[in-house]
Amino acid sequence: MGSFDYSMLSLTNLFFHGPVSSAAHFLLEPILAHGLSGLVHLVLLLVFCFLWVCLKLKAGCGQRQTETGCLYVKGTFMCCLVISVFNLVFFSLDCFYWYRNGWSEESLVTLLDFGLKALAWGTVSFCLHSQVSKIGKLKFTIHLRVWWVSYFAVSCYCLTVDSVHYSQTHSLPVRYLVSDVISVVSGLLIIYVGFFGKSVSGQDPLEEHLLNGETRYTTLSNGSVELKNCKGEETVTPYETAGILSILSFSWMGPLIATGKKKALDLEDIPQLASRDAVSGIFQILRNKLESECGTINRVTTLSLAKCLLYTAWKEILLTALFAFIYTLATYVGPYLIDTFVQYLNGHRDFENEGYVLACVFFLAKLVECLAMRHWFFRVQQVGIRVRAALVAMIYNKGLTLSCQSRQQHTSGEIINFMTVDAERVGDFSWYMHDVWLVVFQVGLALLVLYKNLGLASISAFVATIAIMLINIPLGKLQEKFQDKIMESKDKRMKATSEILRNMRILKLQGWEMKFLSKISELRNIEAGWLKKFLYTLSVTTFVFWGAPTFVSVITFGTCMLVGIPLESGKVLSALATFRILQEPIYNLPDTISMVVQTKVSLDRIVAFLRLDDLQADIIERLPRGSSTTAVEIVNGNFSWDSSSSNLTLRDINFKVERGMRVAVCGTVGSGKSSLLSCILGEVPKISGNLRVCGSKAYVAQSPWIQSGKIEDNILFSKEMDRERYKRVLEACCLEKDLEILAFGDQTVIGERGINLSGGQKQRIQIARALYQDVDIYLFDDPFSAVDAHTGSHLFKECLLGVLSSKTVIYVTHQVEFLPAADLILVMKDGRITQAGKYEEILRSGTDFMALVGAHEEALSAINSVEGDSSKKSTSKEDESVISTNGITHEDDKSDIQDGKAVDASKSKGQLVQEEEREKGKVGFPVYWKYIKSAYGGALVPIILFGQALFQILQIGSNYWMAWATPVSEDMEPPVSTSRLIIVYVALSVGSSLCVLLRSALLVTAGFKAATELFVKMHTSIFRAPMSFFDATPSGRILNRASTDQSTLDMDIPFRVGAFCFNVIQLVGIIAVMSQVAWQVFIIFIPVMALCIWYEQYYIPSARELSRLIGVCKAPVIQLFSETISGSTTIRSFDQESRFQDTNMKLTDAYSRPKFHTAAAMEWLCFRLDLLSSITFASSLIFLISIPVGVIDPGIAGLSVTYGLNLNMLQAWLIWNLCNMENKIISVERIFQYTSIPSEPPLIIEENRPDQSWPAFGEIELHNLQVRYAPQLPLVLRGVTCTFPGGKKTGIVGRTGSGKSTLIQTLFRIVDPVAGHIVVDNVNITTIGLHDLRSKLSIIPQDPTMFEGTVRSNLDPLEEYADEDIWEALDKCQLGDEVRKKEGKLDSTVSENGENWSMGQRQLVCLGRVLLKKSKVLVLDEATASVDTATDNLIQQTLRQHFSDCTVITIAHRITSVLSSDMVLLLSHGLIEEYDIPTRLLEDKTSSFSQLVAEYTQRSGSR
């Protein structure tokens, strides 16, 4: 200080010994300087108030001035805020000194100066912040600039005065000089910004960006300029280009959080990921590394996959390791220095200003800890997002290349689980990857600190720590076991749920939904059993976690007592702080071990999937396009779906197809027709022989595969739009009329699995897709059976004989009438080609083809006999012209939904499948309250809170006791004996631990009960929902709630809610302890806490919407994967694998974007909260070091520091838990959405139940039946009145969209009429329960459905019949011999969707169900569409034989199926056009039915 003293002395001499010494003396009084400073700030406040009033008046008059903006306005705002905070701290310190030492005029003036400064600069910063949020009003007014110059001048004056005063008296408090220096520096900085910072005028933004060709500003109606929202999809995350300071403070997240505060964030607001985080780059690195390590993906091992995953993000992993290391070191600075701090408070000084140095070290350690932890946590999440994305891409790509045999080893649900569960878990492991070595490092540091303070007693602490860890290991293993069991049982439940949702229509038609709900409930009960065990084990682990520091401290202090090591309060407090830090690694070790094991299990599962066999690459010998006149050739081909089986699927296949030929493939059900097409596609493993294909291929599957999305996109299938060709394809596929009916035409969004299209429409769109591709070879797998006779005839003529006349076409068909047009016919039987040639040739040469043709001739003869025997009676006919309207499902499915919605809704709202609904804004308190009340009415909540409060009181009490009862130094006498010290401490510690056990057990009990209750409510609500709900809701949304959201409810929500409440109680406890010795900490704590809450409120809207977006963006990934698995054959046949892989990557990135920014937003908040809580802690330290020795007990002061060390962590945890709770509670909100779905009418109405024998006759009367699917939609049935006689056969025919299936749905009450009613045997069906109605009716649906399980469970899911009855039904439907061949007989397995059975066999199983049920009323909805004519005749014969006295209603495309009916009903546009006996209708050659029959016979006879 020598040079400083000399210069000050010179200055003093100049002033005090000159001629104007008295005036100078007055000017150099500190009271004048600080009084002047306070006065200037008071004037500023008054000016601001005046200007604010003027601004309001001007705003009222609508005046506006040209405005200027400074590009450094945010920096200025931060500078002003910092000045305000510093002055607030100095004000608080002065309050404290004033309280302690009394006050003088000088100290009062200084106090007022600090207070006015804090208030004035706070006001300035508030004004600047409001300007930042309103771009276009960014300006530094002349008043502000004048003020900043004045402030700098006054600051320099104060610094000079205080410096002179210090040189004279040496008694000026250091804080005054510090305040002066800060004021001068900040004044200089603000002057630079205010005068030299680049400014922009009100017009500059517009001019600059218009010149650049990019308008980012828009002029509003009131004339102000507003920044346009930059679409996130067009921008890359600011993280990519952020500077070092922005990265350190997470300021690059500011714009997004600010946007989220102003509006609900949407996906387009979220910026794109940086290239290094996008899946395309990471996946490429991973794949290349794997291929260099293993050769091919099929040879990957768990170790090699783990190594390659680490390689994809090795830089970030090393960086996070460094951050974890620095963080761990910083956390132990506090415990290491506590003893020194206590000794300082006791009067032991090693050097001058030691207290300030200690406070600075504590504060710096906290800052380093905060920075290291925040970047460690952010970067590990970044690594997790990358790893998960790369694995998802790899699993998806593998799903596209799986062979059929490999595909059957896993259901689609299991494969989806690899993506949604296992990849997610491997990604989550990034949190734990450093814990293994960190545990060793943390324990080592803890032992060093303990050894410094307690000597050899640290060994007992080490032993106790190891013991606790060993106790945790069996608990961890138990948790791991229970976790595996939970996952296993959850897999089974989700698989069953997925299958049920796919087939909900058939379940409702059969009245089986409640039986299948009970099946889901049983699977959930198994899962819940394991869940309960897991949760209670977790409560014991929580008890160990909270009890660990107590146990270790009791052992350590007990050892000190036995060995004779003196316990001093400083050393005890240092040990207690160390034990609290040790608590984390002790607790995390079993969790880490468990996570390592779980991650290995997930990696094993993924590796097992990746190692599955792909399709054989050498099945097909692909010849260059145009290099050969032969399109397809198979020589001595033997193929088998199961390459290990001796039973070949196709054997001795030999045929050759020249370019431009039409080849028909026919044969009985199960003869191998579809397998032959699959083998040409390269799907069936080749055992021997040669298969050559020359040219590109297109494939039309028997079961239509339609993607979710627009009709246009399904037809184009990624090809460029050629309007002329597109129009020609629509005409050929009869789609023009369908598109006219739809309100959005070809822009109509198709629901999942084409749910809002009829079977015929789906098939025609599939054909259109193939035609539009313009390839060389077309493969059709019986697509014409799903459409009516007229449409089938048109499709064959226009598509195969027209558009594709010059192409190579191979088509499978059951319709014999399509065979004569073929250049080559292949007749198949038992996997062999038994006959091959032209129609006339093979008709003469063999019996197999004769059998097929014979069945067809028999059907035609039935027509002729009906026509020949008909009497010459005239018939009346209704023929009314109405606008064509489609129905809701099957042939007249939901096309009209779009049509109707156009009436009164905007186009965006009219689509059947809407964007997934998500709540916006704050999660309301009612959601929390409903959740709490769902567990025992909330009765356990007060007990849980009381248990936590008591725990906190006892724990603080035990530590307080140790701090008070131990001497500060060796030379002091302890207040109590050592034995009493330990006994009381043990008693308090045991009491606190028991409280933890109580509240942990009760918390998991309440959480489990709430999860169980909400599961039951949601599933009951879903299963009781009307069919319209499932039509409009993709199953991915329901599965997301049943899987992800339910898991959150099971294992997360109770702990989140509990953690928040417990944090509040802990925080109150810590502040109570700190205020015991320095109540002034409240002066800092209250504004800091207010600022924390403000930050939380500022952050939470963005976090909430980001969390919701994560949930919404996950479903499309699952949905695409699900669709890809089911349509992989079609995708491969069109060579579209790369496009689908790109789509998956885009969707994966869309899911990663909100995840990445959620992680960054959380760290943005936590960084600021940590900083603020560190200021609170530093303030409390400054208060403590300013107190004279002897005023407070050093031990108690040390205790407050011990607790203060956790303050920043706890304060951050409190807000973090609050935010996390708000994010996670969204899962509860989403589940509540599905607990209140509008329900179907009651299943049973007790007071109106029909007799057991009902219906006895089966007479069905329709009275003025009018049906629509929603109030705003047009009528589908427009007043149908007729009677179906009991015990008679009635056939229903009509063009596509005439209302046939709607009539059947109304009979089953899938939809209720808006007017009119249906009476069955004198009972109005709307007056009885749905179950009573549906259980008495039988239906064979258009889409044959089989469930995964056994033959028995498929025929008799309700377990009502004996085996003898089941065998009898199988024999009647011609499946008995087929089932007897199988090993398990009735218990032989049925794979997912019945994929190991042919389409025709599945239809026969559906026939077997109705034969078992023996209902009086039977409905056949296109039941024979998937079988050949011979099998159709066989089914008709079976029905005539076994349902001779039943009412049978048949909807059919094959005219022969309804010719034998007693009555025929012809519907047209929702009205009855004709209803009479077939002979009478055929007699009138002008009747529509007669024309349909003529068309069919003409087509069939054209050969």
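FYI, the numbering just counts along the sequence from 1. Note that the structure is a prediction, hence the values are computed from the model and not measured.
Note on ring orientation: taking the six-membered ring where Trp is involved, the planes of F250 and W252 are tilted (angle from 30° to 60°). Using a 30° and 60° split on the angle between ring planes, W437 and F441 fall in the tilted class, from 30° to 60°.
Residues L305 and I606 form a side-chain contact, since some pair of their non-hydrogen atoms from C-beta on lies under 4.5 Å apart. Side-chain atoms of D277 and Q382, non-hydrogen and from C-beta on, do get closer than 4.5 Å to each other. Using a 4.5 Å heavy-atom cutoff, the side chains of L290 and M394 are in contact. Side-chain contact between P271 and V236: absent, with no pair of heavy atoms (C-beta onward) separated by less than 4.5 Å. Counting heavy atoms from C-beta outward, V426 and R388 have side chains that stay 4.5 Å or more apart. For the pair Q483 and M1051, the minimum side-chain heavy-atom distance is below 4.5 Å. Looking only at side-chain heavy atoms (C-beta outward), R276 and K315 stay at 4.5 Å or farther from each other. The closest side-chain heavy-atom distance from V421 to S602 is not below 4.5 Å.
For R1056, the salt bridge (charged side-chain N to carboxylate O under 4.0 Å, His left out) criterion is met by D1052, not counting sequence neighbours. Scored by the salt bridge (charged side-chain N to carboxylate O under 4.0 Å, His left out) test, D1149 finds no partners at all (sequence neighbours excluded). In this structure, F1167 has no ring pair (Phe, Tyr, Trp, His ring centres under 6.0 Å) partners at least two apart in sequence or on a different chain.
Side-chain atoms of R1153 do not come within 3.5 Å of backbone N or O of L273 as any donor-acceptor pair. In this structure a side-chain-to-backbone donor-acceptor pair under 3.5 Å is present from T1124 to L1120. In this structure, R605 contributes its side chain and F418 its backbone to no donor-acceptor pair below 3.5 Å. Side chain of Q381 to main chain of F377: a donor-acceptor pair is present (N/O by atom type, distance under 3.5 Å, no hydrogens or angles). Remark: side-chain polar atoms of S1107 are not paired, donor with acceptor, to backbone N or O of R1104 under 3.5 angstrom. With hydrogens and angles disregarded, a donor-acceptor distance shorter than 3.5 Å links the side chain of K398 to the backbone of L612. Counting only distance, with no hydrogens or angles, the side chain of S304 and the backbone of T301 share a donor-acceptor pair below 3.5 Å. Although no hydrogens or angles enter the test, the distance criterion places a donor-acceptor pair under 3.5 Å between the side chain of N288 and the main chain of Q284.
V1117 and M419 get closest at one heavy-atom pair: CG1-SD, 3.7 Å. Contact record, C1113 with L267: SG-CD1, 3.8 Å, taken as the closest heavy-atom pair. The two residues P1116 and L1147 come nearest to each other via the heavy atoms O-CD1, 3.7 Å. Nearest heavy atoms, L1106 versus A1161: CD1-CB, 4.4 Å. When all heavy atoms of L256 and S1102 are compared, the closest pair comes out as O-OG, 3.9 Å. Heavy atoms only, all atoms of each residue included: T237 and A274 are closest at CG2-N, 3.6 Å.
Summarising the geometry, atom OG belonging to S251 is positioned 8.0 Å from atom CG belonging to L245; distances are rounded to the nearest 0.5 Å. The CG atom of L286 sits 13.0 Å away from the CZ atom of R386 when rounded to the nearest 0.5 Å. Taken to the nearest 0.5 Å, the OH atom of Y1099 stands 12.0 Å off from the CD atom of Q1097. Taking NZ from K261 and OH from Y1098, the interatomic distance works out to 8.5 Å, rounded to the nearest 0.5 Å. Distance check: I270 CD1 to L265 CG gives 5.0 Å after rounding to the nearest 0.5 Å. Rounded to the nearest 0.5 angstrom, Y327 OH and L371 CG are separated by 13.0 Å.
Remark: E424 engages K1155 in a salt bridge, criterion side-chain N to carboxylate O under 4.0 Å. Contact check on K262 versus D269 returns no salt bridge, with no Lys/Arg side-chain nitrogen under 4.0 Å from an Asp/Glu carboxylate oxygen.
Between W1164 and F378, the gap from one ring centroid to the other reaches at least 6.0 Å. Annotation: F283 is not in aromatic contact with Y396 [ring centroid separation under 6.0 Å not met].
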* Kindly determine whether H434 and I317 satisfy side chain to side chain contact (heavy atoms under 4.5 Å, CB included), including the steps that lead there. => CA-CA 9 Å; H434 297 305; I317 291 169; 4.0 Å; yes

* Walk me through it: do L1039 and S1043 pass the test side chain to side chain contact (heavy atoms under 4.5 Å, CB included)? => CA-CA 6 Å; L1039 291 172; S1043 174; 5.6 Å; no

* T312 and K289: side chain to side chain contact (heavy atoms under 4.5 Å, CB included), yes or no, with the steps? -> CA-CA 9 Å; T312 59; K289 186 67 178 172; over 6 Å; no

* To do: Could you please spell out the steps behind the side chain to side chain contact (heavy atoms under 4.5 Å, CB included) verdict for Q707 and D713?
  => CA-CA 9 Å; Q707 262 193 291; D713 294 339; over 6 Å; no

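R1139 forms a cation-pi arrangement with F717, by the criterion of a distance under 6.0 Å to the ring centre and an angle within 45° of the ring axis.
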